[in-house]
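First up is the structure itself, then whatever we jot down about it.
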2 protein chains.
Amino acid sequence: MIDEQAATVPDMQQADRLNAVFAALSDPVRRAILERLDGEELLVSELAEPFDISLQAVSKHIQVLVRAGLISQERTGRISRCRLDAGPIYDAAVWVNRYSKYWQAQFETLAAWLEDLDETKKR
Amino acid sequence: MIDEQAATVPDMQQADRLNAVFAALSDPVRRAILERLDGEELLVSELAEPFDISLQAVSKHIQVLVRAGLISQERTGRISRCRLDAGPIYDAAVWVNRYSKYWQAQFETLAAWLEDLDETKKR
DNA sequence: TTGATATTCAATCATATGATTGATTAATGG
DNA sequence: CCATTAATCAATCATATGATTGAATATCAA
């Protein structure tokens, strides 16, 4: 049985997945798209609206995000609804968090974040 | 007062910094370099040794990391000692951690990680 | 059916990236 | 002084990226 979450990029190795995720996150348009998809599903045209670039350019950014496994699209008729797929970002988080020991000054922020998670868990 | 941690790339905007950091992290050679620099300073030639690419190619990867503010080099004589500068990775961590709510299945790992930090803080 | 709408495809372009090889610079050590 | 070593510079190359415009596809609505 194939993993449905990662089905867009079936047999991608861990390193290649990280390459694709970090590369996808290196563009501000794509980060803004992911930020807007946090909590709601949006159409390609809705996602494109705030940007000063062509719809086609946004469509290609979305394709990059799909290939990286960060977005999935459900097409019904002529509209294409985009949904965030945060799973692959976890790999990126694990990678960067290995350096958390160097951010002791900002520790409070991270602690606050954990407490938040912890609350969610207890309920 | 200017942030000393980010002094290597003085007037870079937040978005541009994230662009550069994520782009730097999108290459497996550069990630491996950063992993090896976690805890020790190494020369360019030492960093290059494990890779099957030319020394010049590694040198260029290091330059990318320097431009992203992730590495600083101190040259004494003909050798160039490379030191990790984890500060900018913090920005990347903050960005990706906004999606932590989607990783509830992996929560235990993150909790363990933060408990570890918490221990360090108490001591 | 006709026309508008949503999205993608295709061709093109300028620039960026990652690699190579060869030359250069600069500091060592005998 | 001379040869070696460490690292960077420079030119080149193939490929990737991000953008554009124009065409195509497909759906919906009047």
Side-chain angles (χ1 to χ4, degrees), chain A residues 8-9 12-13 15-34 36-37 40-83, chain B residues 8-9 12-13 15-34 36-37 40-83:
Chain A
T8 41
V9 194
M12 206 183 254
Q13 301 296 329
D16 295 323
R17 290 194 48 170
L18 269 186
N19 296 351
V21 171
F22 281 128
L25 297 182
S26 73
D27 186 282
V29 170
R30 289 193 292 261
R31 284 200 306 277
I33 287 172
L34 292 177
R36 287 194 62 211
L37 288 178
E40 57 177 345
E41 299 187 2
L42 291 168
L43 305 184
V44 173
S45 47
E46 290 171 330
L47 284 168
E49 195 272 321
F51 299 110
D52 267 352
I53 59 177
S54 67
L55 176 70
Q56 290 95 319
V58 175
S59 177
K60 286 211 276 183
H61 278 300
I62 290 171
Q63 286 167 50
V64 170
L65 291 166
V66 169
R67 269 183 274 122
L70 293 165
I71 278 184
S72 56
Q73 284 178 296
E74 194 192 351
R75 191 147 193 184
T76 42
R78 49 181 176 173
I79 70 171
S80 184
R81 193 161 291 278
C82 300
R83 181 170 46 75
Chain B
T8 41
V9 193
M12 208 183 254
Q13 301 296 329
D16 295 323
R17 292 194 47 173
L18 270 186
N19 296 352
V21 171
F22 280 127
L25 297 182
S26 73
D27 186 281
V29 170
R30 290 193 291 263
R31 285 199 306 277
I33 288 172
L34 293 176
R36 287 193 64 209
L37 288 177
E40 57 177 346
E41 300 187 1
L42 292 168
L43 305 185
V44 173
S45 47
E46 291 171 330
L47 285 168
E49 195 271 322
F51 299 109
D52 266 353
I53 58 177
S54 67
L55 176 70
Q56 290 95 319
V58 175
S59 177
K60 286 210 275 183
H61 278 299
I62 290 170
Q63 286 168 48
V64 170
L65 291 166
V66 169
R67 270 184 273 125
L70 293 164
I71 278 185
S72 56
Q73 284 177 296
E74 194 192 352
R75 191 149 192 180
T76 42
R78 53 184 172 170
I79 69 171
S80 186
R81 193 161 290 277
C82 300
R83 180 170 47 75

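Quick caveat, the model's predicted, so the values are computed rather than measured. Naming convention: chains lettered A, B, ... in sequence-line order (proteins, then strands); numbering from 1 in each chain.
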Below 4.5 Å, heavy atoms only, C-beta onward: do Leu65(A) and Leu37(A) meet side chain to side chain?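 Answer no - side chains too far apart.
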Check whether any side-chain heavy atom of Val64(B) lies under 4.5 Å from a side-chain heavy atom of Leu70(B), and answer yes or no.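 Answer no - side chains too far apart.
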Nearest 0.5 Å, please: how far is CD1 in Ile79(A) from CD in Glu74(A)?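 Going from the CD atom of Glu74(A) to the CD1 atom of Ile79(A) covers 9.0 Å.
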Does dT7(C) have its OP1 or OP2 closer than 4.0 Å to a side-chain nitrogen or oxygen of Ser45(A)? yes
Between dT8(C) and Ser59(A), is there an OP1 or OP2 to side-chain N/O distance shorter than 4.0 Å? yes
Interatomic distance, [X] [atom1] vs [N] [atom2] [rounded to whole Å]:
X        : N      : atom1 : atom2 : result
Arg81(A) : dT8(C) : CZ    : P     : 13 Å
Leu42(B) : dA6(D) : CG    : P     : 14 Å
Ile62(B) : dT8(D) : CD1   : C1'   : 11 Å
Leu43(A) : dT8(C) : CG    : C1'   : 15 Å

Kindly write out the residues that satisfy salt bridge (charged side-chain N to carboxylate O under 4.0 Å, His left out) with Glu41(B), not counting sequence neighbours, or none if the list is empty.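 Checked Glu41(B) against salt bridge (charged side-chain N to carboxylate O under 4.0 Å, His left out); matches are Arg83(B).
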Which atom pairs link the protein and nucleotides 16-23 of chain D when you take only N or O atoms and keep those under 3.5 Å?
from    : atom 1 : to       : atom 2 : distance (Å)
dG18(D) : OP1    : Arg30(A) : NH2    : 3.2
dG18(D) : OP2    : Arg30(A) : NH1    : 3.0
dA19(D) : OP2    : His61(A) : NE2    : 2.2
dA19(D) : N7     : Lys60(A) : NZ     : 3.3
dA19(D) : N6     : Lys60(A) : NZ     : 2.6
dT20(D) : OP2    : Ser54(A) : N      : 2.8
dT20(D) : OP2    : Ser54(A) : OG     : 2.8
dG22(D) : O6     : Gln56(A) : NE2    : 2.6

Distance-only check: which donor-acceptor pairs under 3.5 Å involve side-chain atoms of residues 20-30 of chain A, not counting sequence neighbours?
from     : atom 1 : to       : atom 2 : distance (Å)
Ser26(A) : OG     : Ala23(A) : O      : 2.7
Asp27(A) : OD1    : Val29(A) : N      : 2.8
Asp27(A) : OD1    : Arg30(A) : N      : 3.3
Arg30(A) : NE     : Ala24(A) : O      : 2.8
Arg30(A) : NH1    : His61(A) : ND1    : 3.2
Arg30(A) : NH2    : Ala23(A) : O      : 3.2

Heavy atoms only: give me the nearest Arg75(B)-Arg78(B) pair and the separation to one decimal.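 Of all heavy-atom pairs spanning Arg75(B) and Arg78(B), the closest is NH2-O, 3.8 Å.
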Residues 44-60 of chain A, side-chain donor-acceptor partners within the protein, below 3.5 Å, at least two apart:
from     : atom 1 : to       : atom 2 : distance (Å)
Glu46(A) : OE1    : Leu43(A) : N      : 2.8
Ser54(A) : OG     : Ala57(A) : N      : 3.1
Ser59(A) : OG     : Gln63(A) : NE2    : 3.3

How would you label the contact of Glu46(A) with the nucleic acid (heavy atoms, under 4.0 Å): base, sugar-phosphate, or nothing?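 Counting heavy atoms under 4.0 Å across all strands, no contact is made by Glu46(A).
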Among Leu42(B), Ile62(B), Val66(B), find the residue that satisfies the side-chain contact (heavy atoms from CB on, under 4.5 Å) test when tested with Cys82(B).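 Exactly one option meets the side-chain contact (heavy atoms from CB on, under 4.5 Å) with Cys82(B), and it is Ile62(B).
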Listed pairs, N/O of protein and of nucleotides 26-30 of chain D, under 3.5 Å:
from    : atom 1 : to       : atom 2 : distance (Å)
dT27(D) : O2     : Arg78(A) : NH1    : 3.1

